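Everything numeric in this text was worked out from a predicted model, so none of it was measured. As the structure lists them, so they are numbered: ligands from 1, and atoms in each ligand from 1.
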Amino acid sequence: MANSTGTTSGKVRSALVIGGGIAGPVTAMALQRAGIEATVFEAYDGPADEVGGGMGLAPNGFQAFDAIGVGDAIRAVSAEMNGIVLQSWNGRRLAQFGTLPGIDPMRFVIRAKLFRTLREAAEERGLTTVYGRRIVDASEDADGVTARFEDGSTATADVLIGADGLRSTVRRLIEPTAPAPQFAGTIGFGALIPAVGVAPTDGRMHMAFGRRCFFAWQVFADGTGVWFVNLPVAHPLSIGEQRERGGAYWLDHLAKVCEGDTTPAQLMLAATDPGTMLFAGGMEKMPRAVRWSRGRLVLTGDAAHAPSSSSGQGASLAAESSVELARCLRDLPLPQALARYENLRRPRVERIIKETARTNARKAAGPVARVVRDALLPVVFKLTKPEKSAWQFRYPIDFDAPVA
Ligand SMILES: Cc1cc2nc3c(=O)[nH]c(=O)nc-3n(C[C@H](O)[C@H](O)[C@H](O)COP(=O)(O)OP(=O)(O)OC[C@H]3O[C@@H](n4cnc5c(N)ncnc54)[C@H](O)[C@@H]3O)c2cc1C
C-alpha cells in the first residue's frame, strides 16, 4: 500500500500513522481536517474493542476532542466526576477535590468505549485502518519515508507518526538507545456492576489507599457503579496473563486482598460478573524520551510522553499532542513543523508528568510508607491550593488558527 508522497515545498501531504489505539485515530482525524491524507496501521489483527480498564479524561483532553468534532460522542459514553475523595484503608478521609470554578469536571470512561467511539468516528469519516501491520523498520530519502511491516509489506508517505504506545517501536527507530518503560509495581482491574445497594457517590470518585491494594469506586444515581483496583505485585502480568486466570479467580483474590479495608469492595466485587471483568495489565512508567522526532519520523501519545496511569492525563495529553501535531504539519514545512511541535508540547507535558508522578508510588506503598503517606497526605493537600493545578485543565485549541 502506498500513499502519494513528495512535495517540492516541504509541506506534508500524506502520513502513515502507526498504532490504532487512542492517539492513532485522533491523529488521523486531525490530519484529515488539516488536509493531509492519513492511513492508520495497527499491529493487532482487528479492533481491540475490549481492551483496558477505566480511566479519567481531563477537561483539557475534551478541548482537543472538540477541536476535531468528537467531544460530544465521547461525552455520551463517559460519566462526569464532580470530585475525588481520597481515603485511607480505615475510612479516614485524607483529602477531597471538587471541580474548579470555570473548568469542566473530569469524566470517567471505560477505555474500550473511548477506543470504539474514536474508531467509529474515524471510520465514518472514511479513514482507513489497516490491521495486522506491525511496524519493524523504516527508511527515508528526500522524497518520503517507507515503513516496513512484519508481514513484509511496506507503505510510503511524507511523514511517519508513531502513535504506537508505551512500547513504541517508532521511538526505537528514532532513538535506538531509548530506554524501555519500567514496571511501576501494580497491575490493574476494573468492572461495571449492577445496583447492589451502595449509596450513590454524587458524581464523586472515591479512592482508597487500602492495606494491600488501591481500590476506587463510583456509584451513579441509578445505583449502578464502577470499580477499579491497582494491585501491587512483585512481577508484572500482561493483560493476556491476567485473563488466562479468569475473572472468578481474580474476584476471589481481590476480595481477600481488600478484606478489612473500610470500603464497599466486598459488595462490589461480589456483584461483579466474572465474564465482564476488565484487565489492564501492568502499570508502567516511561523514562523521558530524549528525541521526539528524527527526519520524517515523529512521536505522539504515550510513545512520546506517558504520565503515570493515575494522572488522569494520559489519553488527554495524547489527544492534545495529536491535534497540535496535525496543525504544525498543516502550517509549516516538515523540519520546522516537527521542531515547533516539540517546542509547543514538551514543556507542558513534562510539567504535568512531573506533577502527577508521585501518585503511583503512593498506591504501591509498603507498611511503613503507608503510615507516613496517610499522615502526610492530609497536610500536603491542605497546603496545596487546587487552583494551582487549574493550568493543567485549560488548553483551548483553535484548530484553524495558523501555527506561528
Ligand atoms: C490501567 C490503565 C489506566 C489508565 N488510566 C488512565 C487515566 O485515568 N486517564 C488517562 O488519560 N490515561 C490513562 N491511561 C493511559 C491511557 O490509556 C494512554 O495514555 C492512552 O491510551 C494513550 O494512547 P496511545 O494511543 O498513545 O497508546 P495506546 O492506547 O497504547 O495505543 C497504541 C497502539 O499501537 C499499537 N502498536 C503497538 N506497537 C505497534 C507496532 N509495532 N506497529 C503497529 N502498531 C503498534 C498497539 O497495538 C495499540 O493499539 C491508563 C492506562 C492504563 C494501562
Side-chain angles (χ1 to χ4, degrees), residues 16-28 40-49 51-58 60-62 64-65 74 78 81 84 106-112 114-115 118-119 129-138 147-151 155 160-173 181 184 186-190 205 207 214 216 228-231 236 238-239 242 278-286 299-322 349 352-353 356 359-360 363:
L16 311 175
V17 179
I18 308 298
I22 305 298
V26 172
T27 305
V40 180
F41 297 87
E42 166 57 43
Y44 278 111
D45 286 335
D49 274 3
V51 177
M55 57 199 254
L57 290 175
N60 46 296
F62 276 95
F65 292 133
I74 298 171
S78 57
M81 281 162 61
I84 293 177
M106 296 273 301
R107 300 185 74 86
F108 180 83
V109 70
I110 298 295
R111 187 188 179 281
L114 171 64
F115 168 73
L118 290 171
R119 177 177 67 72
T129 297
V130 187
Y131 292 99
R133 293 288 194 282
R134 180 177 295 278
I135 192 171
V136 288
D137 204 359
R148 194 164 59 75
F149 300 100
E150 203 173 45
D151 64 358
L160 184 153
I161 300 171
D164 50 346
L166 263 183
R167 306 192 157 270
S168 170
T169 299
V170 179
R171 188 168 65 234
R172 273 194 296 101
L173 294 175
T186 63
I187 52 174
F189 304 86
M205 176 71 70
M207 299 181 168
F214 173 89
F228 67 90
V229 166
N230 289 137
L231 177 69
S238 68
I239 292 175
Q242 278 179 303
L278 304 162
F279 302 107
M283 309 285 109
E284 293 180 306
K285 50 186 171 190
M286 198 189 85
L299 302 174
T300 185
D302 276 6
H305 48 68
S308 93
S309 58
S310 358
S311 67
Q313 281 287 4
S316 300
L317 291 183
E320 284 182 11
S321 288
S322 299
V349 300
I352 292 178
I353 287 171
T356 56
T359 319
N360 253 353
K363 284 179 178 180

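- In this structure, the side chain to side chain donor-acceptor pair (under 3.5 Å) partners of Glu320, at least two apart in sequence or on a different chain, are Asn60, Arg345, Arg348.
- Residues Ser321 and Thr300 have side chains that never bring a donor and an acceptor to within less than 3.5 angstrom of each other.
- When non-hydrogen atoms are compared, ligand 1 lies under 4.0 Å from neither the backbone nor the side chain of Arg167.
- With atom 32 (C) of ligand 1 as the reference point, the heavy atom nearest to it among Gly19, Ser321, Gly190, Ala163 is part of Ala163.
- Contacts between Phe115 and ligand 1, counted as non-hydrogen atom pairs separated by less than 4.0 Å, are absent for every part of the residue.
- Ring geometry for Phe228 versus Phe108: interplanar angle under 30°, hence parallel rather than tilted (30 to 60°).
- Considering backbone and side-chain atoms alike, Leu57 places every N or O at 3.5 Å or more from each N or O of ligand 1.
- Distances from ligand 1 to the non-hydrogen atoms of Gly165 include at least one value under 4.0 Å.
- For ligand 1, the atoms lying closer than 4.0 Å to a non-hydrogen atom of Phe41 are 43 (C), 44 (N).
- For ligand 1, the polar-atom distance check finds no N/O of Gly301 at less than 3.5 Å from any of the ligand's N/O atoms.
- With rounding to the nearest 0.5 Å, the separation of CG in Leu16 from CD1 in Ile135 is 7.5 Å.
- By the 3.5 Å distance cut-off applied to N or O atoms, Ile18 is not counted among the residues near ligand 1.
- Proximity annotation for atom 42 (N) of ligand 1: of Ile135, Val26, Thr27, Thr300, Ile135 comes nearest, heavy atoms only.
- With a 4.0 Å cut-off on non-hydrogen atoms, Thr169 touches ligand 1 through its side chain and not its backbone.
- Close approach to Arg133 involves these atoms of ligand 1, each under 4.0 Å from a residue heavy atom: 42 (N), 43 (C).
- Among Glu42, Arg107, His305, the residue whose heavy atom sits closest to atom 48 (C) of ligand 1 is Glu42.
- Residue Ser168 does not touch ligand 1, judged by heavy-atom distances below 4.0 Å.
- Under the 4.0 angstrom criterion for non-hydrogen atoms, Ala306 is not in contact with ligand 1.
- Only the backbone of Gln313 comes within 4.0 Å of ligand 1, counting heavy atoms alone; no side-chain atom from C-beta on gets that close.
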